[in-house]
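As the structure is a prediction and not an experimental result, all values here were calculated from the model. Letters go in sequence order (proteins before strands), and every chain restarts at 1.
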Amino acid sequence: MAAYIIRRILILFPTLLGVSVIIFLMLHITPGDPAELLLGERASEEALHELREHLGLNKPFYVQYGMFIKRLATLDLGETIWTRQKVWIEIKQRFPATIELSVAALMISCTLGMIFGIISATKQYSIFDYLSMLGALAGVSMPIFWLGLVFMLIFAVNLGWLPISGRLSVGVDLEVVTNFYILDAILTQNWEAFRDAVWHLIMPAFTLSTIPTAIVARMTRSAMLEVLRQDYIKTAKAKGLSQFKVIFKHALRNALIPVVTTIGLQFGVLLGGAILTETIFAWPGVGKWMYDAVMQRDYMVIQNGTMFIAGLFVIINLSVDVLYAVINPRISVK
Amino acid sequence: MLKKVLLVVTVVAFTCVGAALAAPKPGGTLVFGRGGDSVGLDPAYETDGNSFMIGDNVLEALIFYKDESVDLEPGLAESWNISPDGLTYTFKLRKGVKFHDGTPFNADAVVFSHGRQMKERKIKFFGKGWEIPAQERTPEYWVSMEMDKTVDAIEAVDEHTVVYKLKRVEAPFLANLGMDFADIISPTAFMKNPKEFVRNPVGTGPFKFVKWVKDDQIILEKNKEYWDKKGGPYLDKVVFRAIPENSVRFLELKTGNVHICQFPNPADIALASKDPKMKLISQPGMNIGYLGFNHTKEPWKSNAKLRKAVAMAINRKAIVDNIYQGQGQLAKNNIPPTMWGYNDAVPQVEYSVDKAKAMLAEAGFPEGKGLDEITLWSMPVARPYNPEGLKVGVAMVADLAKIGIRARVVSYEWGTYLKRQRDQPPDMDLFQLGWTGDNGDPDNFLAVLFDGMASSAIRTQWQNQAYHELMEQGRQTTDQTKRAEIYKKANLLLYEEMAVIPIAHSTVTWPMQKKVMDFKLHPTASIRMKNVWLEK
């Protein structure tokens with residue numbers, strides 16, 4: 001087991017190194033110059049030169065890459081080009097917002113997706129089945145951008161139930177501890193802020209959840225249909241068990257395995273989809289931040305931000321694999 | 001008689017009511033909806049409007065621009081004196097002014113704030129002074145306004161007197177000192193943590209900086225000890241909220257969560273004008289969008305008739321009406337009409353396909369014969385002076401085809417566009433670009449954009465000896481009336497030679513709630529909350 005874990009950890013380094021090469025190359029092949037964008041129309045030759053010099057952009061590629069790797073090796077994510085702030089601090093301020101949004105969206109899509117999936121499977125070819133699968137198709141194809149605006153018009157402007165954008169209303173004070181606003185509100189027992197933060201989260205989370213909800217619904221449906229045809233379900237039914245028990249105790253548990261894998265994969269998709277949702281709902285998260293960085297060619301943010309996220313994913317993957325190995329010793333032998 | 005009395009009574013009554021209505025009421029929080037977050041809050045190093053608008057309220061300069069124009073008035077300096085040779089400027093500072101951290105504003109603070117931006121720091125403090133840390137990066141505006149080439153030394157003579165010794169006579173120097181980069185900061189606050197000042201600005205302005213939630217909001221609160229007792233600040237708090245999507249920002253305004261909405265979609269301006277709870281504010285922008293020629297190559301370089309033919313062929317009015325959607329004004333000078341030095345006698349270029357054809361023939365290219373297909377570089381991004389470069393490009397290409405000039409639209413990613421345009425490559429014939437003014441001085445348009453003889457960095461690279469001399473004269477003359485005459489001549493020369501084709505000055509129109517009072521748009525695009533108040 002120990003050998004397996006060490007082997008996995010050793011693989012981690014070449015993986016991250018590969019990521020670093022790809023990001024670096026992509027960034028430098030893409031046209032655009034941060035100095036030129038920072039200074040705009042007024043840039044004088046002299047100012048441009050000095051800024052490039054300061055940012056190290058005048059150095060040869062391999063030197064720039066070397067500097068990038070050297071910093072990474074010391075776990076230093078450097079300083080952003082535009083805001084002149086430590087990349088790590090910028091991430092710390094924004095990542096919780098994105099995670100909060102993605103987790104909420106994931107929770108919604110798991111709950112709704114599984115409910116729709118189960119009902120569709122048990123009532124196959126009924127009107128409900130058709131409607132929910134049609135809904136799922138629509139959910140996958142609906143552009144988030146458009147959907148967000150429609151939600152806003154209905155629930156915020158016309159009905160006035162929910163706030164339009166942002167994470168907290170102006171005037172609501174919250175002492176920031178972790179930057180997860182809902183968690184911070186609980187920690188500081190600030191119930192007004194708690195209510196406000198949840199209120200602000202609902203619409204963006206629902207918007208972001210549409211695609212994963214649809215995917216989870218379809219996955220659950222097909223997995224359930226598969227399981228419901230199995231012999232042991234027939235046996236359970238023949239034993240005279242109630243429909244509820246058959247579905248939830250016997251069928252669902254086995255159908256869940258592929259669904260859970262899908263849900264895990266959806267989390268990464270959610271982080272990607274968050275860019276649009278964050279832009280429409282003025283949600284100060286990491287997606288919008290990275291997008292802006294790409295538009296401004298803020299190399300430091302793009303390189304180091306991506307490395308941070310890649311590192312996080314690799315570590316999470318590793319932990320999951322190790323957990324699998326703990327649960328199922330056959331894996332580590334292979 | 002009775003009618004007259006009634007009239008007088010009515011007028012008096014209305015005046016009284018008007019006066020009562022106009023009396024500013026203190027209190028309240030104003031939420032300003034803007035398109036993006038600030039980049040940083042250290043005036044020396046910022047280059048974007050979203051950063052400067054915080055400084056406009058927290059920090060102040062020695063010289064202010066008047067409320068609705070670029071005329072200068074005393075700011076933190078009460079008065080100033082220019083030596084007869086134009087090389088020494090002596091400023092008398094306002095007494096009794098304090099920074100938000102309680103430290104006094106004095107001559108040493110001025111020396112510190114400007115001295116830290118100098119490449120060679122020839123500075124003298126009056127008191128103990130500070131050991132200013134090395135610059136972390138180039139102070140962009142200080143460099144692009146050529147302050148290092150202008151300022152030789154800065155000295156604090158006494159607690160309230162600062163002297164600037166200049167290397168050369170520079171008429172726009174005073175106007176430069178009114179710009180954001182020249183704001184005076186608290187040296188004590190800066191020295192406490194030089195790396196963090198960019199996120200915690202301390203100045204003397206009508207509002208104090210409170211808090212910054214990145215990509216979300218910046219909160220300012222009223223400076224109760226503000227030195228100027230005339231007028232505001234009236235608002236208790238100002239919140240600058242970043243809402244990137246234009247339509248969402250407008251929805252926030254519609255539902256009352258935001259008081260002023262920056263840069264709305266043109267369609268929303270029409271909606272706002274019909275909404276009883278909203279009003280619109282408009283201001284001609286201090287900008288110019290133009291179409292330039294590649295003056296480093298023929299036939300553009302020496303064929304003024306060809307340049308004129310192109311100018312006559314383009315239906316600029318249609319572009320302003322349809323692409324600027326009315327949010328613009330057809331240009332005939334290359335400086336905005338609100339600026340001194342504007343020459344109203346310069347005729348508008350006439351749009352006429354027939355005359356353009358005739359001129360093209362005179363230029364030696366009848367029906368475009370002899371001209372290869374030309375490129376028309378069009379901007380890929382919206383800029384304050386040109387909302388949709390690509391659409392403008394397509395319209396121009398169609399217009400040029402009517403007189404027989406074959407052209408195609410070329411575009412690059414914005415950074416590449418700027419970079420390649422500067423190099424004036426041979427594959428560039430015509431290009432779109434523009435400018436937003438910095439300090440309200442015509443030199444900041446006419447010399448910076450069109451005097452190709454001054455530097456190879458001038459984007460149009462138009463080289464004309466007479467024009468170059470005018471620009472030199474303008475710089476070295478300190479009398480504004482005389483300078484205005486010089487710039488009027490320069491504007492006429494630009495027209496006669498058709499060095500570039502001026503297209504439009506865009507207009508800024510923002511919707512806001514009716515209860516927002518005394519908010520004014522400034523030509524320099526600064527956002528001032530000092531005298532703004534909310535009707536209850």
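Proximity to chain A is absent for every atom of B:E146, based on heavy atoms less than 4.5 angstrom apart. Looking at A:F281, there are no atoms closer than 4.5 Å to chain B (heavy atoms on both sides), in backbone or side chain. The contact between B:R199 and chain A is made entirely by side chain atoms (from C-beta outward), counting heavy-atom distances below 4.5 Å. When heavy atoms are compared at a cutoff of 4.5 Å, B:W435 approaches chain A solely by way of its side chain, counted from C-beta outward. Neither the backbone nor the side chain of B:Y417 comes within contact range of chain A; no heavy atom of the residue lies under 4.5 Å from a heavy atom of that chain. Using a 4.5 Å cut-off between heavy atoms, B:E252 contacts chain A through both its backbone and its side chain. The part of A:Q93 that comes within reach of chain B is its side chain, from C-beta onward, which places non-hydrogen atoms under 4.5 angstrom from that chain. Contact of B:V448 with chain A is not made at all, since no heavy-atom distance falls under 4.5 Å. Interface remark: B:S247 contributes side-chain atoms only to the contact with chain A (heavy atom separation under 4.5 Å). For A:L149, the part sitting under 4.5 Å from any heavy atom of chain B is the side chain, from C-beta outward, and nothing else. Contact annotation for B:D48: neither backbone nor side-chain heavy atoms come within less than 4.5 Å of a heavy atom of chain A.
One distance of note links NZ of B:K119 with CD of A:E50; it measures 4.0 Å at 0.5 Å rounding. The distance from the CG atom of A:L48 to the CD atom of B:E140 is 8.5 Å, given to the nearest 0.5 Å. Taking CD of A:Q85 as the reference point, atom NZ of B:K195 lies at 9.0 Å (rounded to 0.5 Å). One finds the CD1 atom of A:I164 at 5.5 Å from the CG atom of B:N257 (value rounded to the nearest 0.5 Å). Summarising the geometry, atom CZ belonging to B:R241 is positioned 4.0 Å from atom OG belonging to A:S165; distances are rounded to the nearest 0.5 Å. To the nearest 0.5 angstrom, B:K214 atom NZ is 12.0 Å from A:N179 atom CG.
Among B:L418, B:T47, B:D438, B:T255, the residue making the largest number of heavy-atom pairs under 4.5 Å with chain A is B:L418. For the set B:I458, B:L251, B:V381, B:V239, the entry with the most heavy-atom pairs within less than 4.5 Å of chain A is B:L251. Considering only heavy-atom pairs separated by less than 4.5 Å from chain A, the leading option among B:L433, B:I243, B:T29, B:L449 is B:I243. When each of A:I81, A:V176, A:D292 is checked for heavy-atom pairs under 4.5 Å with chain B, A:I81 comes out on top. Of all the listed residues (B:V31, B:T436, B:D42, B:T138), the one sharing the greatest number of non-hydrogen pairs under 4.5 Å with chain A is B:T138. Between chain A and the residues B:K211, B:E46, B:E196, the most heavy-atom pairs under 4.5 angstrom are made by B:E46. For the set B:S38, B:S455, B:P244, the count of heavy-atom pairs under 4.5 angstrom toward chain A peaks at B:P244.
In A:M26, the CE atom is not crowded: 12 or fewer heavy atoms of neighbouring residues, nucleotides or ligands sit closer than 6.0 Å.
The nearest pair of heavy atoms linking A:P284 to B:D216 is CG-CB, 3.8 Å. Heavy-atom minimum distance, B:V39 versus A:W82: CG1-O, 2.9 Å. A pairwise comparison of heavy atoms in B:Q217 and A:L168 identifies NE2-O, 4.4 Å as the closest pair.
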Criterion side-chain contact (heavy atoms from CB on, under 4.5 Å) on B:E245 and A:F145, from CA distance to verdict = CA-CA 10 Å; B:E245 229 333 269; A:F145 208 80; 3.4 Å; yes
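Of the charged side-chain nitrogens involved, at least one lies within less than 4.0 Å of a carboxylate oxygen, so that A:R94 and B:D215 count as a salt-bridged pair.
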